Visitor: 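Have a look at this one before I ask anything.
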There are 2 protein chains.
Amino acid sequence: MAKLEYSLDQIDLQILRIMQDNARTNNADIARELGMAPSAILERVKKLEQKDVILQYNARINPAALDQKMLSFIFIKTQDIIGVQKVGLLLAEIPDVLEVHDIAGEDGYLIKVRTNDSAGLVDLMRNTLSKVEGIISTRTTIVLETVKEDNKLVIPTKE
Amino acid sequence: MAKLEYSLDQIDLQILRIMQDNARTNNADIARELGMAPSAILERVKKLEQKDVILQYNARINPAALDQKMLSFIFIKTQDIIGVQKVGLLLAEIPDVLEVHDIAGEDGYLIKVRTNDSAGLVDLMRNTLSKVEGIISTRTTIVLETVKEDNKLVIPTKE
DNA sequence: GGTGAAAAACGGGCGTG
DNA sequence: CACGCCCGTTTTTCACC
C-alpha cells in the first residue's frame, strides 16, 4: 500500500478535484482552468502519481452492460489471528470480490461481491468461498438497488 | 441511471479491459495492442461512452494523502416505504458518504463513509445523519484495514 | 518555444441485412 | 440502398523536452 503523507497545496487539491471527476482531462485543459502553464501542471501530475497520491486511473464501467446485476456484501467470520490477514489475502484474489475490508468486532472481514445473478452468488459461495481455509461462517446482505457508488473522496478547500 | 443492454463484441470487451486498468491509455496504444487503426478505436470508445457502458473516468486518490484514515460501513434502518428512496437520496447528498445501497431485509440502507478519524465519524453521525428524517436506527462497522478496493469488474472473455 | 505525436473530424471502401 | 464498421488522410491540438 501507499506510504506516507505528502504535502499538498491548493493547486494540487484543485488538480485532484478535476482528475477525480474526469481522469481523461488534458493537461492543457487543467492549465487553462487553473490559469497556469501546461508544463507546470504536467510536472505536478507526474509527482502526484509518483508519490502515490493518485493511485490509478480507472474507467468506471456500467455493471449492467456486463450483465452483472447482482451486488452483495458478505460478512465473513474467520479464525485469522488479529493482524494476520491470511484469509483476507485469499479473498482478495477472487475476481468477483471487488473489496475486502478487515473489520473490527468478531466478524473478521466485510467483502463486496458482484455476480451475474443470484445463481452466480450461490455458485461463488459454494464453489469458491467454501474452499477458502479459515472461514467459520458468513452472513450475506443483498443489495436491491444502488443509489450512489462513485467513491469520490471529499477534497478539502483549505488544509 | 443507465438504461439497457448494449451488445458488446470481443473488441469492445478488450477495450473495456484496458480502460478499466488504465483510463489514460492512448487511442494509439490501444490500437497497437489490438492491431487496429486509431480512428476505429476512437469511434468505439466514443460509442461506449455515449451508450453509458463507460460511466466515467476516475482518478483513484489515496485516502491517506487527504488524511481520510477512517472508513466505516453503516447500516441504516428507515421508515422508507419499499421502492421509495427518500432517505437514500438524502444520504447520497452527504459528501463523506461514498456509497448508498438499498438493501434487502429490514435494515434499509447500507452506506460507506470516509472520515478523517473517529471524531469525524462521530461528528457525521451527530450533526448530519441525525438530521436526516426517517432514520430509525444505525449500526456502524469500523474498517481496520482495507485489503482490496479496486472495484474492477470481471470482464468476460467470451459472451 | 519547438518538435514529434496524438486527438479529432471527414471521407471513402467494404461487407451485411 | 442503408447501415455499421474500419481504415486513410488532414488539421488541430497536445505532450514533452
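These numbers come from a predicted model, not from an experiment. First the proteins, then the strands, lettered A, B, ... as listed; each starts at 1.
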Visitor: Looking at D9(A) and R44(A), is there a salt bridge between them, counting it only when a charged N and a carboxylate O are closer than 4.0 Å?
Guide: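 Judged by the 4.0 Å cut-off on N to carboxylate O distance, R44(A) and D9(A) do form a salt bridge.
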Visitor: For DNA chain D, whose closest nucleotide is more 5', that of I11(B) or that of R24(B)?
Guide: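 Closest to the 5' end, via its nearest nucleotide, is I11(B).
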Visitor: Is the shortest side-chain N to carboxylate O distance from D21(B) to K152(B) below 4.0 Å?
Guide: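 Counted as a salt bridge, because a side-chain N and a carboxylate O are separated by less than 4.0 Å.
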Visitor: Identify whether the distance between the nearest side-chain nitrogen and carboxylate oxygen of D29(B) and R24(B) falls below 4.0 Å.
Guide: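 Salt bridge flag = no for R24(B) with D29(B).
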Visitor: Check this one for me: any side-chain N or O of N26(B) less than 4.0 Å away from OP1 or OP2 of dA7(C)?
Guide: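 Checking dA7(C) against N26(B), a side-chain N or O does come within under 4.0 Å of OP1 or OP2.
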Visitor: Measure from CG on N27(A) to C1' on dA7(C) and round the result to the nearest Å.
Guide: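 Distance check: N27(A) CG to dA7(C) C1' gives 14 Å.
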Visitor: Report all interatomic pairs (protein N or O, nucleotide N or O of nucleotides 13-17 of chain C) with separations under 3.5 Å.
Guide:
none

Visitor: Any side-chain N or O of K46(B) under 4.0 Å from OP1/OP2 of dA7(C)?
Guide: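 No, because none of the side-chain N or O atoms of K46(B) sits under 4.0 Å from OP1 or OP2 of dA7(C).
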Visitor: Before accepting this row, confirm whether a basic side-chain N of the pair E149(A)/K112(A) lies closer than 4.0 Å to the acidic partner's carboxylate O.
Guide: yes
Visitor: Compile the donor-acceptor pairs under 3.5 Å between side chains in residues 123-133 of chain A and protein atoms, sequence neighbours left out, one pair per line.
Guide:
from, atom 1, to, atom 2, distance (Å)
D123(A), OD1, N127(A), ND2, 2.8
S130(A), OG, R126(A), O, 2.4
K131(A), NZ, N127(A), O, 3.3

Visitor: Rounded to whole angstrom units, what separation is found between the CD atom of E43(B) and the P atom of dC5(D)?
Guide: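 Nearest whole value for this atom pair: 8 Å.
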Visitor: Specify the separation, in whole Å, of atom CG of D12(B) and atom P of dG4(D).
Guide: 14 Å
Visitor: Starting at CG of L42(B) and ending at P of dC6(D), how long is that distance when rounded to a whole Å?
Guide: 13 Å
Visitor: Output the single nucleotide from dA8(C), dC7(D), dC16(D) whose closest atom is nearest the side chain of A40(B).
Guide: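 Closest nucleotide among those given: dC7(D).
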Visitor: Calculate, to the nearest 0.5 Å, the distance between atoms CZ and CG belonging to R114(A) and D96(A) respectively.
Guide: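 Going from CZ on R114(A) over to CG on D96(A), the span is 11.0 Å.
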Visitor: Whole-Å distance between dA7(C) C1' and I30(B) CD1?
Guide: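 About 12 Å, once rounded to whole Å.
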Visitor: Quick one: which of dA15(D), dA8(C), dC6(D) gets closest to the side chain of A28(A)?
Guide: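 Of dA15(D), dA8(C), dC6(D), dA15(D) is nearest to the side chain of A28(A).
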Visitor: May I ask you to evaluate whether R44(B) reaches the phosphate of dG4(D), defined as a side-chain N or O under 4.0 Å from OP1 or OP2?
Guide: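 Answer no for this pair, as no side-chain N or O of R44(B) is under 4.0 Å from OP1 or OP2.
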Visitor: For I41(A) and dA15(D), what is the distance between atoms CD1 and P respectively, to the nearest whole Å?
Guide: 11 Å
Visitor: Among dA8(C), dC7(D), dC17(D), which nucleotide has an atom closest to any side-chain atom of S39(A)?
Guide: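 Among the listed nucleotides, the one closest to the side chain of S39(A) is dC17(D).
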Visitor: Side chain of T115(A), backbone of D117(A): donor and acceptor closer than 3.5 Å?
Guide: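 Judged by distance alone, yes, a pair lies under 3.5 Å.
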